[in-house]
Asker: 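The structure that follows is given in the form of structure tokens.
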Number of protein chains: 2
Amino acid sequence: MASASDTGSGATLTASARAIFRLLALQGSATRPQLGQSLGLSRPTMSAAMSELERIGYVDRVGEVQGALGRKAAMYRVGTAAGHVIAVDAGSTHIRLRVSTIDCRLLHSRVYRLPSSQLMLGAEISAAVADEVAAAMAVAQADWGPLRALGIALPSRVVGPGEDTVATRQDELFSRFAPPQGAPLILENNVNCAAVAEHVYGAAQETATFAYVQVGLKIGMGLMLEGRLLRGRNGAAGEIGHLAFPLAGDARPEPGEIERYMGTEALMRRVRDGWPAGEGDAPADTSDLLARAESGSGAAQAAVTRHAEDIGAIVASCVAVVDPGIVVLGGGVGGHPRLAPRVEEVANRLSYPVEVRTSTLGSDATVLGIEKLVVDRALEGLVGELRA
Amino acid sequence: MASASDTGSGATLTASARAIFRLLALQGSATRPQLGQSLGLSRPTMSAAMSELERIGYVDRVGEVQGALGRKAAMYRVGTAAGHVIAVDAGSTHIRLRVSTIDCRLLHSRVYRLPSSQLMLGAEISAAVADEVAAAMAVAQADWGPLRALGIALPSRVVGPGEDTVATRQDELFSRFAPPQGAPLILENNVNCAAVAEHVYGAAQETATFAYVQVGLKIGMGLMLEGRLLRGRNGAAGEIGHLAFPLAGDARPEPGEIERYMGTEALMRRVRDGWPAGEGDAPADTSDLLARAESGSGAAQAAVTRHAEDIGAIVASCVAVVDPGIVVLGGGVGGHPRLAPRVEEVANRLSYPVEVRTSTLGSDATVLGIEKLVVDRALEGLVGELRA
DNA sequence: CTAGTTTGTTAGTTACGTTAACAAACAAAA
DNA sequence: TTTTGTTTGTTAACGTAACTAACAAACTAG
């Protein structure tokens, strides 16, 4: 056989054992016949592979299942030696942390509210991440096994180590925080993470290709194309705050103008400026605006509809570029179910068929997304996958 | 070993033989030691695999190469039994056809000028394609081997068989043309094909991710992301003629308005309308405009620069969505080298770092691209690749 | 208690690689 | 011209990881 060229972490396993372990980690738990049938492996092969995996502690036998007839089938799940991962959402108001096994069983979780809202990644967030990660590693139990990977979702562009990390400000994370040695560190943009979560747990479970558009304080997009996250050459894929705007025969576009125009601040300014005298005080913030639209205020409804049309135009541009077929709307403003229909209408009028859905996940979306990414990475390390 | 589950066409070959054949098809020709070293296979394995491939005619020994020292090495290339493919560019003014081996050796080629320029895919083009393909199949030589695949580049969106082929008008191709039985048929958008050609032979050879933007009569884009062409849910990825436009706080966008605004017709109308009295007659067409800009006309230069700025804004929007890092400019207008610098300047000012290059390929780009795609497909059929 | 079913193990086989050893074909040095 | 060392290709023996066949174990249903 061709030399297996182990990548350090994973012990020497046969290809079938690796496939079994990977499937088990993705499925959570399964019986031996189930695994064998899914992978098309014979019972002798299963026998050898499972005893090997069990011997090194990568899988545990956790019970038996009785079918309609015949002997009981052994039930397995991922074992202690497979270890655990840490996923952190380093948000602007909260740090969310999850410690999980490779098969996404939650071992520990924590939410820490930052003393003050941070507009940009900086020392404040860095220090909080350092504290939370240290605390999580301190409470680690023996049966968590080794730490296999650490992932952090950041509210900034993220590029690989060889690239221009100064422009992205991602290095600010390390001003107070030193990542633990021995486990790979994964950084990912928080909107991308939320897109992953929508794919795994949320509104886009069945489709390998879709776009997640977040509209709130700022605007951003995560692109899942054929099951893979698109990051781009500068980690800027989905940075739709930089779409050319204004774009017209006479106007000259300005950089980042869309972000300012679509953000909550400018939105509320437009709402206040156009608020009719007869409808009382203008709404105080976006949730007030949305609530008043819900409860029947004509002016609020008009403002929300107008914002939906603006979002629709932006979505149309995204559709014209990548044609995702499905767009999931999220974020403080975009996640409101009132918006989706009008966004869909406008986007379809302007470009190509898209289904616009509203996000089904709450504020945990980003941690769940980075958790999934870090688990995937840990799994790749364990089974030593050398992809093409 | 796991059952190989042959996909009909490819005979039963070992994995190593398949890998050797694939490498040889991609490289064109190579010596046995070269192939063995590239794939990390031992000499006995090479011996067995090559004799097997030679026996079924998939490879031919075409000579020997003497190294600095030692025995001569045998030189191989793809054999007759591997067959050939037909690639057709069904353009609006010309039908271009190439018959090639799996390793892209040209066997036959032809260019047919349509009696009248066709704005849309229709019976005229369909009939011409039927004629040209029939003629090519009639002159087939015995040593071309079997036809493995047929590919046609179309000036329309293309979607898979299960999708809405009415909206794309792609079925117009079959109004007068019946594809030959027994070989898979591949349809692809012509701009996507040109992008593939830029990747394989042109200005984007070293990068797996880039965008090809074609500006001429119309405007379109082909996206190569991590080595794969992005088609989108409706075959509309890259249809940037449908970017939202005009896009501004007060304006309401109209569908397809960018296509009209950026197309040569509207461009020349703007040039004529703004042409200063002192500079003589306004340019007759875009090549006249570009020539006059080259030869120093201030008004022509201003018009070209203005157009480059418009293209730059559109490129900026594309960069904000997919961040390709490199954009290749092509097409009747976009392919002029005078445009790229200003496009790059504007795009970089508005969004994220992009390098803008000018296409290096001529009018053969589209055929060469579809040839590459059809050869790849044929190869997959032969080696029976079941990708994940 | 027996018959039929499902699970898991043992034994033997097959496919496809490997290394080791050798023969053939060549350039350069003696 | 012969010798020496190098590279190529083949043959023989071997190893790994899958497979099938056969059997033992554990269970339900009649």
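In what follows, chains carry the letters A, B, and so on, assigned in the order in which the sequence lines appear, proteins first and then strands, with residues in each chain numbered from 1. Here the structure is a predicted model, which means the values were calculated and not measured.
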Asker: Quick one: is A/S42 getting a side-chain N or O under 4.0 Å of the D/dA18 phosphate, OP1 or OP2?
Answerer: no
Asker: Establish, with yes or no, whether the OP1 or OP2 oxygen of D/dA17 is under 4.0 angstrom from a side-chain nitrogen or oxygen of A/T14.
Answerer: no
Asker: Rounded to whole angstroms, how far apart are CD on A/Q37 and C1' on C/dG8?
Answerer: 15 Å
Asker: Without decimals, in angstroms, what is the distance between A/Q34 CD and C/dT6 C1'?
Answerer: 14 Å
Asker: Calculate the interatomic distance between B/R32 atom CZ and C/dA24 atom P; express it in whole Å.
Answerer: 16 Å
Asker: Considering every strand and a 4.0 Å limit on heavy-atom distances, what is the contact class for B/A74: base, sugar-phosphate, or nothing?
Answerer: sugar-phosphate
Asker: So which heavy atom on B/L361 is nearest to which on B/E198, and how close?
Answerer: CD1-N, 3.7 Å
Asker: To the nearest Å, give me how far apart CG (B/L39) and C1' (C/dC16) are.
Answerer: 15 Å
Asker: Round to a whole Å and report the spacing from CZ of A/R43 to P of D/dA18.
Answerer: 17 Å
Asker: Using a 4.0 Å cut-off on heavy atoms, which residues in residues 65-72 of chain B reach DNA chain D? List them by number, or say none.
Answerer: B/L69, B/G70, B/R71, B/K72
Asker: So, using salt bridge (Lys or Arg N to Asp or Glu O under 4.0 Å) as the criterion, who are the partners of B/R105 when residues are at least two apart?
Answerer: B/D103
Asker: Measure OH/A/Y76 against C1'/C/dT7 and give the value in whole Å, please.
Answerer: 11 Å
Asker: Please name all residues satisfying side chain to side chain donor-acceptor pair (under 3.5 Å) with B/D364, sequence neighbours left out, ordered by chain then number.
Answerer: none
Asker: Kindly write out the residues that satisfy side chain to side chain donor-acceptor pair (under 3.5 Å) with B/S51, not counting sequence neighbours, or none if the list is empty.
Answerer: none
Asker: Would you tell me if any nitrogen or oxygen in the side chain of B/T45 comes within less than 4.0 Å of OP1 or OP2 on C/dC16?
Answerer: no
Asker: What integer distance in Å separates A/R61:CZ from C/dT7:P?
Answerer: 14 Å
Asker: Rounding to an integer number of Å, can you tell me how far A/M50 CE sits from D/dA18 P?
Answerer: 14 Å
Asker: Going by the rule side chain to side chain donor-acceptor pair (under 3.5 Å), which residues pair with A/R43 if we only count those two or more places apart in sequence or in a different chain?
Answerer: none
Asker: Under the side-chain contact (heavy atoms from CB on, under 4.5 Å) test against A/I152, which residue among A/I186, A/V374, A/L185 passes?
Answerer: A/L185
Asker: Between A/M46 and A/E64, which is nearer to the 5' end of DNA chain D once each is assigned its nearest nucleotide?
Answerer: A/M46
Asker: Kindly write out the residues that satisfy ring pair (Phe, Tyr, Trp, His ring centres under 6.0 Å) with A/Y76, not counting sequence neighbours, or none if the list is empty.
Answerer: none
